[in-house]
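Letters A, B, ... mirror the listed sequences (proteins, then strands); counts begin at 1.
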Amino acid sequence: MPRRFVWDASSKPAPEPADATLPQSDMVESGPLADPDVQLMLRVQACDATAFQELFRRFSPRILHYVRRMVGSDARAEELTQDVFTQVYRFRDRYRPESKFATWIFTIATNLCLNDLRRPERRLRVDIWNNPSEDEPREGPPLPDPDARTPEEGVASGEMATRLQRAIAGLPPKQRAALTLSRFDGLPYQEVANALGCTEGAVKALIFRATQTLKRDLREYL
Amino acid sequence: MRCERAQEWMTVRLDHELSSWRSRRLDRHLAICQTCAAEEVTTERLFEALASLPVISEVPELLEERTLRAIRVIDKEQDAQRSHRRWWSWMELAGPVTSAAAVLVFAVHLTVGEAPTPAPEGVRVVSPQKTATRAGARGAHVARRRAPVPTLTPPPDLAANPDLFVNLPILRQFEKVQHFDSIRSTNAQPNANAANSNG
């Protein structure tokens, strides 16, 4: 059975105790306001600095990874991640708790990444996934698969992971964004469509095309 | 069902986004199409490989510090903007208030100006009936206030009865002018005589 990544609540830090400043109504018990991320964001809207720090700690690993995957440069990914969070803070009044906070922040991240990828000087950068010096890549050598039955299988799995990373980096930006948001960040198609500013049908087509490209590139491993 | 459609749907199904009736249609297609069945196995393996990739990156401490510093700068900027906006909101209020005050002063001025001024003693005011009937009393008053300065020559009907207007300021001025003319003519005659004698 294929395993789809779903953002596991157990991997998140423990939710904050209910804030006395938040409205204690039935809406808090059920609905979007029950989402701890939304509650944190509402506290950020009320200029709570600790809530912002908590939000940063919760989302920055995912955002940084997503941005790295999108722009392919560690330094640029860090700059853009900082930009994402500064925009979240700057435009905190625009957030409405009707939508999930994750969708909102990934929309900001996607827009910043796509804008960055459109910039002409981007062509001069060297991407981490296409780094020609494979002796010591930035993320370290690919580790063997712990679930592999034989060492050979583990090495092959590690190689495949590297090839897969490279193949994902070679996808067109929108396909890459759609695939990453859906498969890695666990957003449903509708939210991916919101983040990319397109229809759900377009998201299906983008993911299908990305999947076909990856299958073609990794035919020997699959 | 076309194979391309089936392959698109199998991707959607692996993302748990395919409706149940489409899923059944896909199963029926896969049962008869070996190519698509093999393709489904490949897609599943690809998705397993994707699931094995890391989904988070370690965030450097420096990034958090930098971001929080940037947030503090934004806070200061927004505070400054808010205070500036507060000042401007007062200024925005000052405009309408000034306009309203100006309108009020003008209205008061008009009201006071329209009050009937008592005529000076010994002056007989002739009511401009025609003007009053056309534009009303107010119009007449405004017309009278804006009337051009009369000429020194009185109109014929007034000249016929000078006793009625003897106390009017304009006629007093007229008398002064006549007096001045008489003095000037008196003074001018000796000079003319002198000029004649010299010539």
Anything under 30° is parallel, anything over 60° is perpendicular, the rest tilted; go ahead and classify A:Trp104 against A:Tyr95. tilted
Which atoms of A:Arg209 come close to chain B, meaning under 4.5 Å heavy atom to heavy atom: side chain ones, backbone ones, both, or neither? neither
Side chains of A:Phe184 and B:Leu50, heavy atoms from C-beta outward: is any pair under 4.5 Å? yes
Between A:Arg76 and A:Asp116 (salt bridge meaning N to carboxylate O under 4.0 Å), is one present in this structure? yes
Quick check on the interface: out of A:Arg92, A:Glu200, A:Glu79, who has the most heavy-atom pairs with chain B under 4.5 Å? A:Arg92
Measure distances from A:Tyr66 to the heavy atoms of chain B and classify the residue's part below 4.5 Å as side chain, backbone, both or neither. neither
Residue A:Ile63 versus chain B: region with a heavy atom under 4.5 Å: neither
Identify which part of A:Arg163 has an atom lying under 4.5 Å from any heavy atom of chain B, answering side chain, backbone, both or neither. neither
Judged by modelled atom types alone, do A:His65 and A:Arg69 share a side-chain donor-acceptor pair under 3.5 Å? yes
Please tell me if the side chains of A:Thr162 and A:Gln165 come closer than 4.5 Å, counting only heavy atoms from C-beta onward. no
Residues 62-70 of chain B: residues contacting chain A (heavy atom under 4.5 Å, by number): B:Leu63, B:Glu64, B:Arg66, B:Thr67, B:Leu68, B:Ala70
What part of A:Phe85 gets closer than 4.5 Å to chain B, counting heavy atoms only: side chain, backbone, both or neither? both
Is it the case that B:Arg13 and B:Ser23 place a side-chain donor and acceptor less than 3.5 Å from each other? yes
When you check the gap from the basic side-chain N to the acidic O, do A:Asp35 and A:Lys100 get nearer than 4.0 Å? no
Looking only at A:Gln212, A:Arg219, A:Gln190, A:Arg90, the option with the highest number of non-hydrogen pairs under 4.5 Å against chain B is A:Arg90
Minimum side-chain heavy-atom gap A:Leu214-A:Leu179 below 4.5 Å: yes
Segment of B:Glu39 engaging chain A (4.5 angstrom heavy-atom cut-off): both
Is B:Gln78 in contact with chain A via its backbone, its side chain, both, or neither, using a 4.5 Å heavy-atom distance? side chain
Provide the closest heavy-atom pair for B:Ala37 versus B:Leu30 in the form atom of the first, atom of the second, distance. N-CD2, 3.7 Å
Can you check whether B:Thr35 reaches B:Cys3 side chain to side chain, under 4.5 Å on heavy atoms? no
